[in-house]
Amino acid sequence: MKITIKKSDITKESVDAIVNAANPWLSGGGGVDGAIHKAAGPELITECRKIISKIKKLNTGEAVITPAYNIKNVKYIIHTVGPIWQGGNFEEDKKLAQCYLKSAKIAAQNGLKSIAFPSISTGAYGYPVEKAAAVAVKTIMNLEENFDEIRMVLFSDYDLEIYERELKRYENK
Ligand code: ADP
């Protein structure tokens, strides 16, 4: 399985699915969530409301899938809710790992072969990027599903460097 780390706007990627760092109400917002909703168009919020009317809220570490609507070169969006950083003693690492695991599971269930992830929880949710990168890389490297490619899409040079360093560190273990 190919693991790629790059700097980009995730809405511009060509993959079977992009992952959204959503909120429990799938209501859109800022950060990557806002960018994805903007790029997908209004049909996405309509679909999200339908899902929420059934499940009430999406719990931390869970994931749901929707079409990608107006996002070119992407078939699906997998929405997951990352943990809010509370200092590290509230199973944030386990919950963050769950986001990657559940997203991969739902992708595999839908026959998808390539997934792009953003750096879940490290924006508004305040998870330190160094710690989040360690969890993300370790979880992705140990996925039991077999994808053609998992892509980590970072939004800043700093985040890119952190994830690249973490991947190298992990490969040399
Ligand atoms: P969370 O609430 O899970 O912390 P955020 O969207 O606030 O989610 O931040 C998660 C990460 O996504 C941050 O590193 C942020 O810089 C990054 N990000 C924001 N917009 C985009 C985008 N268009 N493509 C990829 N990553 C993005």
Side-chain angles (χ1 to χ4, degrees), residues 1-23 29-40 60-63 65-66 68 71-85 88 92-173:
M1 186 170 82
K2 190 168 139 199
I3 296 189
T4 318
I5 294 187
K6 68 183 283 196
K7 184 182 154 190
S8 172
D9 173 349
I10 203 165
T11 65
K12 303 280 166 26
E13 292 299 301
S14 302
V15 275
D16 288 341
I18 59 173
V19 174
N20 182 18
N23 59 57
V32 71
D33 197 3
I36 287 174
H37 272 273
K38 194 169 169 215
T60 305
E62 295 294 327
I65 190 165
T66 68
I71 302 185
K72 281 194 209 98
N73 308 316
V74 176
K75 292 183 199 136
Y76 295 97
I77 302 165
I78 296 169
H79 307 260
T80 188
V81 180
I84 297 172
W85 180 255
E92 291 95 329
D93 52 353
K94 203 167 132 192
K95 290 173 186 165
L96 185 60
Q98 275 302 314
C99 291
Y100 289 91
L101 292 171
K102 287 285 172 74
S103 299
K105 190 172 175 192
I106 212 167
Q109 282 167 346
N110 285 272
L112 310 184
K113 286 289 175 193
S114 55
I115 317 172
F117 284 97
S119 178
I120 299 165
S121 281
T122 66
Y125 281 5
Y127 207 120
V129 64
E130 293 80 2
K131 289 189 167 65
V135 173
V137 166
K138 185 177 172 194
T139 308
I140 286 168
M141 294 291 279
N142 289 293
L143 286 176
E144 49 185 51
E145 299 91 356
N146 194 25
F147 298 103
D148 291 343
E149 185 187 352
I150 301 283
R151 201 176 297 168
M152 281 301 316
V153 177
L154 290 319
F155 210 47
S156 72
D157 290 322
Y158 182 77
D159 290 356
L160 177 70
E161 209 175 286
I162 298 292
Y163 276 77
E164 276 177 342
R165 195 191 301 161
E166 193 54 40
L167 182 63
K168 280 203 194 99
R169 206 172 70 87
Y170 196 85
E171 284 171 341
N172 291 329
K173 260 187 187 165

**Report entry** Heavy-atom closest contact (E13 atom, S8 atom, distance)
**Finding:** OE2-OG, 2.6 Å
Report task. Return the minimal non-hydrogen interatomic distance between F155 and K7, and the atom names on each side. Result -> O-CE, 4.1 Å
Query raised in the report: Backbone N or O of K168 within a donor-acceptor pair of the N172 side chain at under 3.5 Å?
Result: yes
Query - Beyond-backbone contact of D16 with I115, side-chain heavy atoms, under 4.5 angstrom - result: no
Report summary line: Closest heavy-atom pair, L160 versus K6, reported as atoms and distance to 0.1 Å, is CD1-C, 3.5 Å
Query raised in the report: So N142 and Y170, side-chain contact (heavy atoms from CB on, under 4.5 Å) or not? Walk me through it.
Result: CA-CA 11 Å; N142 289 293; Y170 196 85; 2.9 Å; yes
Query raised in the report: Counting distance only, does the side-chain N/O of E92 pair as donor-acceptor with the main-chain N or O of G88 below 3.5 Å?
Result: yes
Query raised in the report: What distance do K94 atom NZ and L101 atom CG have between them, rounded to the nearest 0.5 Å?
Result: 11.5 Å
Query raised in the report: How close do C99 and I120 get, heavy atom to heavy atom, and via which atoms?
Result: CB-CD1, 4.0 Å
Report task. Measure the CD1-OG1 distance between I71 and T11 for me, rounded to the nearest 0.5 Å. Result -> 6.0 Å
Report task. With rounding to the nearest 0.5 Å, note down the distance linking CD1 in I65 to CG in L112. Result -> 5.0 Å
Query raised in the report: Any side-chain heavy atom of F147 within less than 4.5 Å of one from I140?
Result: no
**Report entry** Note, V129 side chain near L154 side chain (heavy atom, < 4.5 Å)
**Finding:** no
Query raised in the report: Which distance, rounded to the nearest 0.5 Å, do you find between the CD of E164 and the CG of D159?
Result: 11.0 Å
Report task. Measure across P118 and V32 and return the closest heavy-atom pair with its distance rounded to 0.1 Å. Result -> CB-CG2, 4.1 Å
Report task. Can you establish whether the number of heavy atoms outside E171 located under 6.0 Å from its atom CD is more than 12? Result -> yes
**Report entry** Point-to-point distance, once rounded to the nearest 0.5 Å, from CD of E145 to CE of M1
**Finding:** 8.5 Å
Requested in this report: Could you note down all residue pairs passing side chain to side chain donor-acceptor pair (under 3.5 Å) where residues 96-116 supplies at least one of them, sequence neighbours left out?
Outcome: E62-K102
Query raised in the report: What residue among V74, I10, D9 forms side chain to side chain contact (heavy atoms under 4.5 Å, CB included) with I36?
Result: I10
**Report entry** From I162 atom CD1 to R169 atom CZ, the distance as rounded to the nearest 0.5 Å
**Finding:** 11.0 Å
Taking only distance into account, with no hydrogens and no angle test, what donor-acceptor pairs under 3.5 Å do side-chain atoms of residues 121-128 form with protein atoms, sequence neighbours excluded?
residue : atom : partner : partner atom : Å
S121    : OG   : P83     : O            : 2.8
T122    : OG1  : S119    : O            : 3.1
T122    : OG1  : S119    : OG           : 2.8
Y127    : OH   : D93     : N            : 3.4

**Report entry** Chi angles and distances behind the side-chain contact (heavy atoms from CB on, under 4.5 Å) call for I3, M152
**Finding:** CA-CA 8 Å; I3 296 189; M152 281 301 316; 5.7 Å; no
Query raised in the report: Which atom pair, heavy atoms only, marks the closest approach of A104 to L143?
Result: CB-CD2, 3.7 Å
